[in-house]
Amino acid sequence: MTGKKERQRKLARERMLRQQARRVKRAHRARQITIVGVVCLVVVGLGVGGFFAFAGFGGKAAAVSATSSATPSASASASASPSTQAEPATTCSYAAGGTASRNVGTPPTKPDYKAGYQATIRTNRGDVVINLLNSKATCTVNSFVYLAARKYFNNTRCHRLTTVSPLYVLQCGDPAGTGRGGPGYTFASENLAGATYTRGTIAMANTGAPDSNGSQFFIVYKNSTLAANYTPFGEVVKGLGIIQNVARAGSNNANGSGDGHPKEKVVIESVTIKKT
């Protein structure tokens, strides 16, 4: 009798252990599926958002990616809030963020907020001249002027062209040429209250997260409809026709119809700054 009861207890223990093992296996498998699902979503997000220069301004997905894929998006789900800092700003803050595509340091925290600036972007297709809005986006202009002086933009290509409604832009400012590069620091958005993106506007691309501006920017060559999430910091006063001609040639559609690398390659040879 005792032996029979012992065998029954042994069988019961083994049955319980098998059940536990099956539960653990099922839980582990469910966890794997969840992780795979999350990874797939991240990869898709990077594939779409990442290409958009600081995912910020994304075409199909709010170009928001884990890396600075700063890209404008017509419908920004994740968006930076309008800056409450009084302009012109007398102090700027630049926080370390990401790996620098070109390590040129960090801009000074005390901008020349009283200055007027004009930038000449010399490209392989001609010069584009921009009046910088220092009184409205002081810290953005301070960063752009600093990067230009450090030759950060020299010999970099404009990696993204969009030619479909509601987004008509050429995106530049990434030495890596991938849409994921940046200067190794980020800073807050400015000049967002009532911001519009009419022909000739130059604005910052971002990751879609607050205060995620870096070095990537876009030039609006035709009136575009965007949420007011991208810092406008300049206006093209000469050479917009160069960008419009590039747009007419179209993109390679690498990111979908009307969105990809420009067929006519645009290389920024240098950016020079003049005080006005």
Stepwise side chain to side chain donor-acceptor pair (under 3.5 Å) test for K263 and S251:
CA-CA 5 Å; K263 286 182 179 178; S251 79; over 6 Å; no
Run the side-chain contact (heavy atoms from CB on, under 4.5 Å) test on V129 and Q118 for me, step by step, so that the C-alpha distance in whole Å, both residues' side-chain angles and the decisive distance to 0.1 Å come before the verdict.
CA-CA 7 Å; V129 181; Q118 187 175 82; 3.5 Å; yes
With a 4.5 Å limit on heavy-atom distance, are the side chains of F233 and I202 in contact?
yes
For side-chain contact (heavy atoms from CB on, under 4.5 Å), just list the numbers for C158 and I268, CA-CA rounded to whole Å, side-chain angles, deciding distance to a tenth of an Å, and then say yes or no.
CA-CA 7 Å; C158 295; I268 294 177; 4.1 Å; yes
May I ask you to decide if V267's main-chain N or O and T123's side chain share a donor-acceptor pair within less than 3.5 Å?
no
Are F187 and L132 linked, directly or through other ILVMFWY residues, by side chains that come within less than 4.5 angstrom of each other?
yes
Do V141 and V104 land in one hydrophobic cluster if side-chain heavy atoms of ILVMFWY residues count as linked below 4.5 Å?
yes
Nearest 0.5 angstrom please: I130 CD1 to K238 NZ, how far?
13.0 Å
When rounded to the nearest 0.5 angstrom, what distance separates NZ in K265 from CG in L161?
15.0 Å
Within the structure provided, determine whether T120 and K274 are in side-chain contact (heavy-atom separation under 4.5 Å).
no
Does any part of the side chain of L240, heavy atoms only, come nearer than 4.5 Å to the side chain of I219, both counted from C-beta?
yes
Work out which heavy atom in P262 is nearest to a heavy atom in L170; give both atom names and the distance.
CG-CD1, 4.1 Å
Minimum heavy-atom separation for T138 and N134, please, with both atom names.
OG1-O, 2.7 Å
Would you say R125 has more than 12 foreign heavy atoms packed within less than 6.0 Å of its CZ?
yes
Are F144 and F153, when compared by the centres of their aromatic rings, separated by less than 6.0 Å?
yes
Could you pull out the closest heavy-atom pair between A115 and K275, with the gap in Å?
CB-CE, 4.1 Å
Indicate yes or no: at least one non-hydrogen side-chain atom of D259 is less than 4.5 angstrom from one of R160.
yes
Report yes or no: do K151 and S270 form a side-chain donor-acceptor pair below 3.5 Å?
no
dist N213:CG -> T140:OG1 (nearest 0.5 Å) comes out at 6.0 Å
Is it true that R157 and D174 have a side-chain N and a carboxylate O under 4.0 angstrom from each other?
no
Apply the side-chain hydrogen bond (donor to acceptor under 3.5 Å, both in side chains) test between Y94 and each candidate in T106, T109, N142; give the one that qualifies.
N142
Considering only heavy atoms from C-beta outward, does the side chain of Y152 approach that of R102 to under 4.5 Å?
yes
d(I243 CD1, C172 SG) to nearest 0.5 Å is 6.5 Å
In terms of heavy-atom contacts, does CD of E235 have more than 12 from other residues, nucleotides or ligands at under 6.0 Å?
no
Nearest heavy-atom pair of A89 and Y113: which atoms, and what distance?
O-CB, 3.2 Å
Is L133 reachable from Y117 through a run of hydrophobic residues whose side-chain heavy atoms are each under 4.5 Å from the next?
no
Any Lys/Arg nitrogen of E190 or K136 sitting under 4.0 Å from an Asp/Glu carboxylate oxygen of the other?
no
For L167, is there any backbone N or O sitting under 3.5 Å from a side-chain donor or acceptor partner on T162?
yes
Calculate, to the nearest 0.5 Å, the distance between atoms CG and CD belonging to N124 and E264 respectively.
9.5 Å
Could you state the interatomic distance from CE (M204) to OG (S215), rounded to the nearest 0.5 Å?
6.5 Å
Heavy-atom donor-acceptor pair, N223 side chain to R199 backbone, under 3.5 Å:
yes
Side chain to side chain, F217 and V169, heavy atoms closer than 4.5 Å:
no
On a heavy-atom basis, the closest approach of P232 and Y197 is CG-CE2, 4.2 Å
Under the side-chain contact (heavy atoms from CB on, under 4.5 Å) criterion, do K222 and Q244 qualify, and how do the steps go?
CA-CA 8 Å; K222 180 180 177 181; Q244 292 169 332; 5.9 Å; no
Keeping the roles fixed (side chain from N253, backbone from G258), state whether a donor-acceptor pair exists under 3.5 Å.
yes
Any side-chain heavy atom of P183 within less than 4.5 Å of one from L147?
yes
Worked verdict on V128 versus V236 for side-chain contact (heavy atoms from CB on, under 4.5 Å):
CA-CA 7 Å; V128 178; V236 176; 4.0 Å; yes
Side chain proximity check, Y185 to S143, heavy atoms < 4.5 angstrom:
yes
Is it the case that the side chain of H261 and the backbone of N252 share a donor-acceptor pair, with hydrogens and angles ignored and the cut-off at 3.5 Å?
no
Locate the shortest heavy-atom distance separating P175 from T156; write the atom from each residue and the value.
CA-CG2, 3.5 Å
